[in-house]
Amino acid sequence: GNVRKSGYHLEEMTNWPGADLQLGQVSGLALDSNNNLVIFHRGDHKWGVNSFDNQRIYQQQGSGPIQQSTILVVNPVKGKVLGSSGRNLFYMPHGISTDTNDNYWVTDVALHQVFKLGKNREEKPLLVLGQAFQPGSDTHHFCQPTDVAVDPVSGNFYVSDGYCNSRIMKFSPEGKYIMQWGAGSAHMHRPIQFNVPHSLAFVPDRRELCVADRENGRIQCFIAESGEFVKEIKHNEFGGEVFAVSYVPEHGGLMYTVNGESIYGQLAPLQGFMMNYSSGEILDTFSPDSQDFRMPHDIVVTRDGTVYVGDATTDTVLKFVSSEKAEHRSV
Ligand SMILES: O=C(N[C@@H](O)C(=O)O)c1ccccc1
């Protein structure tokens with residue numbers, strides 16, 4: 001039923017995290033198999049208007065990779081750092097996802113590459129796709145790839161590519177290109193168009209893949225196997241920009257998203273949305289009490305409904321729990 005009517009409402013847990021995580025721009029969030037939060041951030045690198053030329057070539061290669069740990073594993077209750085990695089590898093972190101073996105799958109929009117990082121965090125990447133610093137739109141290049149989602153059953157993985165391509169690419173577990181859709185091509189009797197496919201969410205119980213179609217201000221969902229269009233979810237409250245999506249199978253399937261500011265200014269309040277996946281109905285909206293969202297850039301949700309949002313302008317991660325729990329917690 002409608003979770004909202006039962007008095008549940010997502011509230012910010014204002015005293016989380018317990019300590020300052022020293023974050024740069026927070027670009028990506030993921031959860032590992034222990035429900036720890038995995039944060040992908042940019043340390044002292046910032047994506048500004050001069051970071052790329054109009055061929056999407058990264059302009060600060062000379063300053064080298066980020067020397068701080070770009071990947072932090074954080075305890076969900078206290079927000080304490082449990083582990084850190086990803087030093088001297090990345091220039092402009094973007095998306096991060098985990099798979100059932102707790103490998104990290106990340107994208108870097110300056111390198112135009114996708115990485116699979118193994119559990120031994122100091123070893124070299126297990127897989128690298130794309131050519132460093134070389135954007136492109138064939139099957140061996142990406143152009144500012146934004147996210148990865150891994151099918152927990154087949155191990156196939158999907159890449160949302162990206163700011164300067166408008167396609168979803170499907171690969172085998174070993175990284176062999178299988179297919180793509182959305183690159184403006186008429187596909188499955190429906191020209192699927194993306195305008196910055198920005199974030200991916202795999203829907204395991206339906207074997208569907210959902211895409212935050214950022215500049216079209218909508219979520220598009222597809223049959224993961226074939227890329228066949230299933231549906232779109234779009235609401236005026238999104239205000240024309242959808243930055244990230246996350247999904248949990250609970251309560252019949254819940255989809256979460258965060259909106260963003262368009263280049264035309266802020267057309268709607270910045271907030272998170274909890275939706276019934278089947279109907280697309282908005283069940284709840286949420287935003288911080290302690291500060292305003294500035295660029296809510298990624299969102300992850302645990303099976304028990306705890307929500308984390310990473311903001312790439314305030315360089316913070318915010319935690320939200322349903323008020324029912326929050327009340328218990330305050331008692
Ligand atoms: O969208 C932008 N950035 C975010 O998505 C991000 O930081 O990932 C951006 C676009 C133009 C110039 C500068 C930044």
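One-based numbering, in listed order, for ligands and for the atoms of each.
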Undergrad: Is I223 isolated, or which residues cluster with it under the ILVMFWY side-chain rule of less than 4.5 Å, directly or via members?
TA: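 Taking Ile, Leu, Val, Met, Phe, Trp and Tyr as members, I223 shares its hydrophobic cluster with V230.
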Undergrad: Any sub-3.5 Å donor-acceptor pair from D102's side-chain atoms to D32's backbone N or O?
TA: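 Judged by distance alone, no pair lies under 3.5 Å.
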Undergrad: Determine whether H45 and F90 satisfy the following criterion, ring pair (Phe, Tyr, Trp, His ring centres under 6.0 Å), listing intermediate values before the conclusion.
TA: CA-CA 10 Å; H45 285 202; F90 304 115; over 10 Å; no
Undergrad: Take a 6.0 Å sphere around CZ of R121 and say whether it holds more than 12 heavy atoms from other residues, nucleotides or ligands.
TA: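 Above 12, so yes.
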Undergrad: Any idea which residues sit under 4.0 Å from ligand 1, heavy-atom distances?
TA: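 Correct list: R42, W47, G48, H94, Y163, H198, R214, M295, H297.
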Undergrad: With ILVMFWY side chains joined below 4.5 Å, transitively, what does Y264's cluster contain besides itself?
TA: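 So far as hydrophobic clustering goes, Y264 is joined with I263.
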Undergrad: L129: which other cluster members, linking ILVMFWY side chains closer than 4.5 Å, directly or transitively?
TA: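 L129 clusters with W105, V114, L127, F142, V148, V150, F157, V159, M169, F171, Y177.
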